[in-house]
Chemist: 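The following block contains the structure, expressed as structure tokens.
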Amino acid sequence: MRAEGLHATLLFIGEFPSKNLEMLLSLVSRIHVEQFGLYFDQARYWGHNHIVYAAPSRVPQTLQQLVVMLEQCLIRNHISFDTSFQGDYQPHITLLRKAHWHDEPLNEIQPFAWNVRDFVLLQSTRAGNMPVYRVLVRFPLGSAFRG
């Protein structure tokens with residue numbers, strides 16, 4: 001993964017009509033939580049999709065709250081999103097795609113802290129086999145969004 005593409009997905013909306021983007025931005029801009037820290041201290045492997053990722057051993061309550069608020073906002077407004085992890089949010093940052101590992105634990109990683117000051121709406125496209133992420137809008141945490 002390229003450094004500029006590293007992110008932790010809160011929700012995956014998938015295809016979304018551009019004509020409804022302003023409405024989505026208006027709804028999401030009303031969500032307010034305080035800034036928080038996220039401490040990634042574990043390396044893990046998903047064998048079913050061949051991904052090595054970093055994960056925190058503890059998920060901050062504020063992050064859980066943000067995800068629930070986003071889910072509820074989308075549900076109330078009949079906006080479809082991937083619900084496969086609904087209620088069991090586990091943040092992760094994909095580090096390596098197309099990895100092949102066995103069932104043994106991965107080596108320990110150097111823990112790192114992420115001071116979360118905002119969340120973003122990303123548009124995902126592809127360049128060859130690599131995903132490319134473009135930030136459409138940032139939503140600051142800890143203060144009301146002013147668009």
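Positions are given from 1 along the sequence. Just so it is clear, the structure is predicted and the values come from calculations on it, not from any experiment. Computation of the quantities below employed the complete heavy-atom set of this structure, encompassing side-chain atoms and omitting hydrogens, waters and symmetry-equivalent molecules.
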Chemist: Pick one: which of Leu74, Val33, Leu10 meets side-chain contact (heavy atoms from CB on, under 4.5 Å) with Met69?
Modeler: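 That would be Val33; it is the only one of Leu74, Val33, Leu10 passing the side-chain contact (heavy atoms from CB on, under 4.5 Å) with Met69.
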
Chemist: For the residue pair His92 and Tyr53, does the interplanar ring angle fall in the parallel (under 30°), tilted (30 to 60°) or perpendicular (over 60°) class?
Modeler: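 Answer is perpendicular, since the angle exceeds 60°.
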
Chemist: Is there side-chain contact between Val132 and Ser124, with at least one heavy-atom pair below 4.5 Å?
Modeler: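 The answer is no, as the side chains (C-beta and beyond) never meet within the 4.5 Å cut-off.
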
Chemist: Does Val28 form a side chain to side chain contact (heavy atoms under 4.5 Å, CB included) with Leu121? I'd like the steps, not just the answer.
Modeler: CA-CA 10 Å; Val28 173; Leu121 177 62; over 6 Å; no

Chemist: So, Asp41 side chain and Ser57 main chain: donor-acceptor pair closer than 3.5 Å or not?
Modeler: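 Yes, the answer is positive, given that a donor and an acceptor are paired below the 3.5 Å cut-off.
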
Chemist: Are Ile75 and Phe81 side-chain neighbours, meaning at least one heavy-atom pair lies under 4.5 Å?
Modeler: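 SC-SC contact between Ile75 and Phe81 confirmed.
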
Chemist: Determine yes or no for a side-chain-to-main-chain donor-acceptor pair under 3.5 angstrom, with Ser26 supplying the side chain and Glu22 the backbone.
Modeler: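 No, because the side chain of Ser26 does not come within donor-acceptor range (under 3.5 Å) of the backbone of Glu22.
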
Chemist: Under a 4.5 Å side-chain heavy-atom rule over Ile, Leu, Val, Met, Phe, Trp and Tyr, are Val137 and Ile13 clustered together?
Modeler: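 Yes, it is one cluster - the side chains of Val137 and Ile13 are joined through contacts under 4.5 Å.
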
Chemist: Are the side chains of Tyr133 and Thr125 in touch, meaning some heavy atoms are under 4.5 Å apart?
Modeler: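 No, too far: nothing below the 4.5 Å cut-off.
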
Chemist: Heavy-atom distance under 4.5 Å between the side chains of Leu95 and Ile93, does that happen here?
Modeler: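 Contact flag for Leu95/Ile93 side chains = yes.
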
Chemist: Go through it in stages, so that I can follow the logic: the residues are Gln42 and Ile109, the test is side chain to side chain contact (heavy atoms under 4.5 Å, CB included), and I'd like the CA-CA distance, side-chain angles, deciding distance and then a yes or no.
Modeler: CA-CA 6 Å; Gln42 298 180 347; Ile109 64 170; 5.7 Å; no

Chemist: Apply side chain to side chain contact (heavy atoms under 4.5 Å, CB included) to the pair Phe139 and Asp118, showing each step before the final yes or no.
Modeler: CA-CA 5 Å; Phe139 300 94; Asp118 60 13; 5.7 Å; no

Chemist: Is there a side-chain contact between Leu136 and Val120 in this structure, where contact means two heavy atoms from C-beta onward sitting under 4.5 Å apart?
Modeler: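 They are not in side-chain contact.
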
Chemist: Dump the intermediate steps for side chain to side chain contact (heavy atoms under 4.5 Å, CB included) on Phe119 and Leu70, then the final yes or no.
Modeler: CA-CA 11 Å; Phe119 66 99; Leu70 286 166; 4.0 Å; yes

Chemist: Identify the heavy atoms of Pro60 and Gly37 that sit nearest to each other, and give their distance.
Modeler: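 Reported closest heavy-atom pair: CG-O, 3.2 Å.
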
Chemist: Side chains of Ile79 and Leu24: closer than 4.5 Å at any heavy-atom pair?
Modeler: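 Heavy-atom side-chain distance check passes, below 4.5 Å.
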
Chemist: Mind listing the closest non-hydrogen atom pair of Thr62 and Glu34 along with its distance?
Modeler: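 Nearest heavy atoms, Thr62 then Glu34: CG2-O, 3.3 Å.
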
Chemist: Honestly curious: do Tyr39 and Val116 fall in one hydrophobic cluster under the side-chain, below-4.5 Å linking rule?
Modeler: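 No; tracing contacts between hydrophobic side chains, which count when under 4.5 Å, never links both residues.
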
Chemist: Side chains of Cys73 and Ile31: closer than 4.5 Å at any heavy-atom pair?
Modeler: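 Touching, per the 4.5 Å side-chain cut-off.
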
Chemist: Let me check something: do Val135 and Phe12 share a hydrophobic cluster, defined by ILVMFWY side-chain heavy atoms less than 4.5 Å apart, either directly or through other members?
Modeler: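 Different clusters.
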
Chemist: So, do Leu122 and His7 sit near enough that their side-chain heavy atoms are less than 4.5 Å apart?
Modeler: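 Side-chain contact under 4.5 Å: yes.
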
